[in-house]
Each structure stands twice: as structure tokens, then as C-alpha cells.
Enquirer: 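Have a look at this one before I ask anything.
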Amino acid sequence: QVQLVESGGGLVQAGGSLRLSCAASGRTLSDYVLGWFRQAPGKEREFVAAISWSGGYSLYGDSVKARFAISRDVARNTAFLQMNSLKPDDTAVYFCAALQSRVLTTRPAEYKYWGQGTQVAVSS
């Protein structure tokens with residue numbers, strides 16, 4: 001079992017930055033992929049970014065490329081999502097999720113473990 005807890009959400013003005021954290025517990029994530037997703041009201045869950053825990057390879061959704069950066073601190077069993085140049089369209093609940101795999105995937109249905117989410121609101 002893997003437990004995930006997100007933090008770092010909040011209200012920010014357009015153009016600002018936030019850093020989300022995802023603390024994992026229950027086991028080490030050496031053979032896992034950790035992903036970030038977001039869901040706005042009335043919309044489907046959208047892939048944001050993913051990282052392979054062992055190799056550090058990353059993948060990004062088209063809407064956040066060049067603005068967001070995913071990283072992980074292996075010693076702290078924690079992943080991060082640095083979000084820069086935020087736009088009102090980035091407003092959503094952000095979730096982290098984990099999948100036991102060495103292959104990055106963008107599909108939420110493939111992720112087994114999910115956090116409860118953290119709200120991000122970007123004002124114009």
C-alpha cells in the first residue's frame with residue numbers, strides 16, 4: 001500500500017508560482033511512477049506530469065510544458081510540482097498518483113494509488 005498526501009495549493013494571481021508537494025508513505029517508490037493530474041469543475045481529470053522514481057525521467061502534458069516542472073526527493077520520498085506562469089485555466093484540484101511501473105503513462109486509469117488532492121486557484 002502507498003499513501004499519498006498533497007500539499008502546497010492555494011490562491012495565486014495570474015503569472016505567479018506555486019510548488020506542490022506529494023509525500024509518499026507505506027513503501028519506497030524505487031519501482032514506481034508518480035504522476036500529477038488535475039481536475040476542474042465539470043471537466044475530466046487531466047494529465048499534468050509524471051516522473052519515474054528510479055531514473056528521474058519525466059513527461060508533461062501539452063498545456064503545462066515549459067511552465068511546470070516535476071521533480072522528486074528520493075531520500076524524503078516526496079515529489080514536487082513547481083508551477084510557474086500560472087494562468088486562470090490552471091485552476092483545478094491537483095492530485096498526485098502512483099503506479100508500480102518503470103514506464104511513464106498519462107492515463108489516470110492506470111494509476112493505483114491516489115492522494116486526496118489540493119486546490120489551486122489562479123485569479124486573473
Enquirer: Walk me through it: do D62 and K65 pass the test salt bridge (Lys or Arg N to Asp or Glu O under 4.0 Å)?
Expert: CA-CA 5 Å; D62 288 341; K65 278 181 185 175; 3.2 Å; yes
Enquirer: Given side-chain hydrogen bond (donor to acceptor under 3.5 Å, both in side chains), test E110 with S101 step by step and report yes or no.
Expert: CA-CA 10 Å; E110 297 193 28; S101 172; over 6 Å; no
Enquirer: Using 30° and 60° as the class limits, which term best fits the ring planes of W114 and F37: parallel, tilted or perpendicular?
Expert: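 Aromatic pair W114/F37 classed tilted.
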Enquirer: Could you tell me the separation between the CZ atom of R72 and the OG atom of S21, rounded to the nearest 0.5 Å?
Expert: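 If I round to the nearest 0.5 Å, the distance is 15.0 Å.
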Enquirer: So, the side chain of S85 versus the backbone of R67: is there a donor-acceptor pair under 3.5 Å, distance only?
Expert: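 No; zero donor-acceptor contacts below 3.5 Å.
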Enquirer: Please give me the minimum heavy-atom distance between A92 and A40, naming the atom from each residue.
Expert: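 Here A92 and A40 meet closest at CB-N, 3.8 Å.
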Enquirer: Taking atom NZ of K87 and atom OG of S124, what is their separation to the nearest 0.5 Å?
Expert: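 Between atom NZ of K87 and atom OG of S124 there are 14.0 Å.
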Enquirer: Hey, is the main chain of R27 close enough, under 3.5 Å, to the side chain of N77 for a donor-acceptor pair?
Expert: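 Side chain of N77 to backbone of R27: a pair is present.
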Enquirer: Shortest non-hydrogen contact from G61 to F47?
Expert: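 Result for this residue pair: N-CE2, 3.5 Å.
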Enquirer: How long is the gap from NZ on K112 to CD on Q1, to the nearest 0.5 Å?
Expert: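 Answer rounded to 0.5 Å: 6.5 Å.
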Enquirer: Given 3.5 Å as the limit, does a donor-acceptor pair link the side chain of E6 with the main chain of Q116, or not?
Expert: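 Yes, the answer is positive, given that a donor and an acceptor are paired below the 3.5 Å cut-off.
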Enquirer: Taking side chain as C-beta onward, heavy atoms only, is T91 less than 4.5 Å from Q119?
Expert: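 T91 reaches Q119 side chain to side chain.
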Enquirer: Tracing side-chain links under 4.5 Å among I, L, V, M, F, W and Y, which residues wind up in one group with Y94?
Expert: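 Besides Y94, the cluster holds V2, L4, V12, L18, L20, L29, Y32, L34, W36, V48, I51, W53, Y60, V64, F68, I70, V74, L81, M83, L86, Y113, V120, V122.
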Enquirer: Quiz question: by atom type and distance under 3.5 Å, do the side chains of S63 and R38 form a donor-acceptor pair?
Expert: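 Per modelled atom types, S63 and R38 side chains form a pair under 3.5 Å.
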Enquirer: Can you see which heavy atom on T105 is nearest to which on A50, and at what distance?
Expert: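 Heavy atoms of T105 and A50 come nearest at O-CB, 4.3 Å.
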Enquirer: Nearest 0.5 Å, please: how far is CG in L104 from OG in S58?
Expert: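 Nearest 0.5 Å value for the OG-CG distance: 7.5 Å.
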Enquirer: Looking only at heavy atoms, which two atoms of N84 and S17 are closest? And how far apart?
Expert: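 It is OD1-OG, 3.0 Å.
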Enquirer: Do you know which two heavy atoms are closest between S30 and S54, and how far apart they sit?
Expert: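 Result for this residue pair: O-CB, 3.2 Å.
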